[in-house]
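Whatever order the structure lists ligands and atoms in, that order sets their numbers, starting from 1.
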Amino acid sequence: MNKKMALKDFEETEAALTEKSSDKKKSKKKESSKKRKESEIEEEEERSETSSELGEPVNLKSEKEKKKKKKAKVEPEAGVEEQERGESEHPNAVSRFRISVPLREKLKSKGIESLFPIQAMTFDMVLDGSDLVGRARTGQGKTLAFVLPILESLTNGPTKASKKTGYGRAPSVLVLLPTRELAKQVHEDFDVYGGAVGLTSCCLYGGAPYHAQEFKLKKGIDVVIGTPGRIKDHIERGNIDLSSLKFRVLDEADEMLRMGFVEDVELILGKVEDANKVQTLLFSATLPSWVKHISTKFLKSDKKTIDLVGNEKMKASTNVRHIVLPCSSSARSQVIPDIIRCYSSGGRTIIFTETKESASQLADLLPGARALHGDIQQSQREVTLAGFRSGKFMTLVATNVAARGLDINDVQLIIQCEPPRDVEAYIHRSGRTGRAGNTGVAVMLYDPRKSSVSKIERESGVKFEHISAPQPADIAKAAGVEAAETITQVSDSVIPAFKSAAEELLNNSGLSAAELLAKALAKAVGYTEIKSRSLLSSLEDHVTVVLEAGKPIYTPSFAFGVLRRFLPEEKVELVKGMALTADGNGAVFDVPVADLDLFRSGADNAANVSLEVLKQLPPLQEREQSRGRFGGGGRGGFGGRGGNRFSGGRGGGFSDRRNDRFSGGFRGSKGRGGGNRW
Ligand SMILES: Nc1ncnc2c1ncn2[C@@H]1O[C@H](COP(=O)(O)OP(=O)(O)OP(=O)(O)O)[C@@H](O)[C@H]1O
């Protein structure tokens with residue numbers, strides 16, 4: 001169990017620290033610190049209960065609901081009682097930690113009066129000199145977990161005396177991150193909080209000119225933050241001296257190592273004169289076992305580990321409502337705007353695609369959306385992200401380049417266009433919402449013919465909520481309610497001008513007053529027609545039907561065979577998204593509305609066959625479950641399609657991925673690699 005693990009780690013650490021120290025003051029601090037930890041562990045327990053409260057359905061949130069939602073904000077891993085206790089009594093109040101006044105004031109100005117659990121649990125360890133592996137779910141404040149104790153150590157703590165000073169000073173801190181955007185974000189934190197205690201920082205990443213970076217390094221700097229590629233380049237150019245480092249931080253460590261930059265990271269980390277005099281900290285929301293293994297290479301053997309996820313089943317954010325929705329790739333651009341309308345609560349949305357091309361294409365199709373990926377010039381990437389952060393536009397379509405670490409205010413909705421290749425990507429992408437105690441929604445689209453959600457579900461521990469695409473009629477209904485409200489606000493002064501036209505309509509249209517008003521409302525919110533949408537592939541002008549044949553249907557090819565008994569081949573080929581019901585008695589598929597009567601009458605005339613239109617999807621067999629059966633299927637689209645995305649030799653080690661996924665975004669300036677997807 002997570003809590004147990006966290007407690008165990010903490011107790012081990014406590015014991016070690018207590019042994020070391022004979023200082024009374026220190027042990028007092030530890031005593032209060034221990035109390036803090038115990039209450040945090042209770043909070044963890046409370047937290048897992050409160051998470052289920054986030055499951056209420058979201059539907060075109062009114063302002064009122066939004067406000068309510070804001071009020072529902074809870075501190076990560078903290079219970080309601082905790083909030084009621086008031087900041088000053090908070091067990092993790094900033095004032096209870098060895099945080100100096102300028103930092104405390106800066107934190108206060110940012111609205112931070114108490115530390116989040118990962119920060120509280122690691123603060124003393126880092127300040128007292130330990131190497132550390134830290135893991136907490138997305139959005140729980142891992143950045144300040146290293147920023148605060150590092151700054152405190154350099155200004156008032158153990159590394160103060162040996163820290164370099166003066167013009168041309170070599171950096172004391174090096175922070176490595178996997179993406180440029182993330183490096184910039186972490187740099188901003190060091191800038192804000194470091195600035196408060198007189199420490200300077202700079203950010204080194206690819207795609208930006210060298211000379212400004214070189215100038216800053218020459219002048220002397222305390223904290224260097226950057227991506228491994230550019231930092232390595234600066235080292236090779238002799239611009240940066242890492243010999244007097246006091247801290248090395250690997251943020252999103254698993255991603256950096258997965259990218260195949262182990263050698264670069266190793267080379268960079270190896271540039272310290274005496275590794276024993278450097279503290280190394282490694283953070284991520286996901287720490288696959290191979291990362292833990294690798295960490296032994298970089299971190300001292302007596303390192304501490306604080307793992308707030310541990311062996312807990314649920315690895316993804318518990319503040320997020322996790323939803324899956326069947327949708328074919330061709331229907332995406334129609335369905336996504338409705339998902340945004342229904343689930344974004346008027347906030348920002350990030351849509352993740354698997355490739356750079358599809359990010360650009362989708363951004364072009366969605367009104368008011370912009371793309372962010374590795375093929376976009378760095379300067380434009382920065383403009384785009386700044387525009388999204390400031391609310392200039394509300395929908396960002398991105399590749400995994402935006403999956404990690406980005407902390408953007410009011411991102412309410414994440415849409416993943418298809419299941420990602422690894423569970424880590426799911427965890428980090430969905431973690432762009434529901435941050436710092438806020439709630440959010442993550443919708444993952446999948447094409448039941450091509451992909452399955454069960455692997456992600458199993459590995460992330462998420463229990464997905466299965467929904468169908470919002471029906472245009474539902475969305476229109478909600479819009480109608482809003483329109484009715486606005487109509488009551490229209491001044492009576494308009495009546496004389498429109499009354500005679502209204503009376504004429506009423507007399508001649510053959511419609512009732514309510515029907516005519518309904519049309520007027522529809523027109524007022526931009527509807528002249530409402531189409532239905534199928535449940536399986538979310539296609540307009542299609543309906544979803546279930547076929548039964550008087551005996552179990554074991555394979556899609558059998559279902560196609562039944563259809564061929566009463567339909568011509570060209571009609572059978574119109575069938576979309578064939579899936580089998582979980583009970584094995586039926587086949588579910590989409591057909592064009594225009595052909596529904598033909599399908600129905602054919603079924604009526606065939607022996608033992610029934611065909612019914614569905615309003616809701618019944619439980620279906622997962623694609624994985626029926627793997628092997630789909631291959632020999634009918635001509636309706638299964639033969640040889642799309643293999644099993646999850647079982648075929650992808651994944652595995654990380655070094656072979658180097659050029660596959662990152663060369664565009666991460667090492668863009670060098671143009672390394674070919675099949676770059678991000
Ligand atoms: N003690 C705190 N009180 C209130 N807000 C905080 C506190 N610590 C951090 N935050 C805010 O929480 C948000 C998430 O923090 P951060 O980005 O460090 O999360 P993270 O754990 O690194 O997430 P990820 O795994 O996605 O990178 C930020 O907006 C940050 O300012």
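Set against the non-hydrogen atoms of Ala436, the atoms of ligand 1 under 4.0 Å away are 11 (C), 12 (O), 13 (C). Heavy-atom contacts of Ser114 reach the following atoms of ligand 1: 1 (N), 2 (C), 3 (N) (cutoff under 4.0 Å). Of all the atoms in ligand 1, the ones that sit under 4.0 Å from a non-hydrogen atom of Gln140 are 19 (O), 20 (P), 21 (O). Taking every heavy atom of Thr143 and a limit of under 4.0 angstrom, the matching atoms of ligand 1 come to 16 (P), 17 (O), 18 (O), 22 (O). Applying the 4.0 Å criterion to heavy atoms of Leu115 picks out, from ligand 1, the atoms 1 (N).
Considering Arg137, Arg429, Lys142, Arg432 only, the shortest heavy-atom separation from atom 25 (O) of ligand 1 involves Lys142. One option in Phe283, Phe146, Phe116 has a heavy atom closer to atom 6 (C) of ligand 1 than any other, and that option is Phe116.
Aromatic rings of Phe464 and Tyr426 (six-membered ring for Trp) have centroids within the 6.0 Å cut-off, being under it.
No part of Lys110 comes within 4.0 Å of ligand 1, judged by heavy-atom distances. Of the heavy atoms in Ala145, none comes closer than 4.0 Å to ligand 1. Residue-level proximity to ligand 1 for Asp407 is carried by the side chain, the only part with a heavy atom below 4.0 angstrom.
Panel note: side chain Asp254, backbone Val291; no donor-acceptor pair is recorded below 3.5 Å. Side chain of Asp307 to main chain of Val309: a donor-acceptor pair is present (N/O by atom type, distance under 3.5 Å, no hydrogens or angles).
Legend: residues meeting salt bridge (Lys or Arg N to Asp or Glu O under 4.0 Å) with Lys163, ordered by chain and number and at least two apart, are Asp222. Residues satisfying the salt bridge (Lys or Arg N to Asp or Glu O under 4.0 Å) criterion with Glu266, sequence neighbours excluded, are Lys297.
In this pair, Phe146 and Phe190 present their aromatic rings tilted. The plane angle is within the 30 to 60° band.
On a distance-only criterion, Gly139 and ligand 1 share at least one N/O pair closer than 3.5 Å. Polar contact with ligand 1: present for Gly141 (N/O pair, distance under 3.5 Å). In terms of polar-atom proximity, His428 is not counted as a contact of ligand 1, lacking any N or O under 3.5 Å from an N or O of the ligand.
A salt bridge is absent between Glu113 and Arg104; no separation between the charged side-chain nitrogens and carboxylate oxygens falls under 4.0 Å. A salt bridge is defined here as a Lys NZ or Arg NE, NH1 or NH2 lying under 4.0 Å from an Asp or Glu carboxylate O, and Arg429 with Glu354 meets this definition.
Assignment of Ala136 to the shell around ligand 1 is not supported, since no heavy atom sits closer than 4.0 Å. Contact annotation: Glu252 has at least one heavy atom less than 4.0 Å from an atom of ligand 1.
Seen from the ring of Tyr205, Arg180 does not count as a face-on cation partner, given the 6.0 Å and 45° thresholds.
Listed here is the closest heavy atom pair of Val411 and Ile414: CG1-CD1, 3.7 Å.
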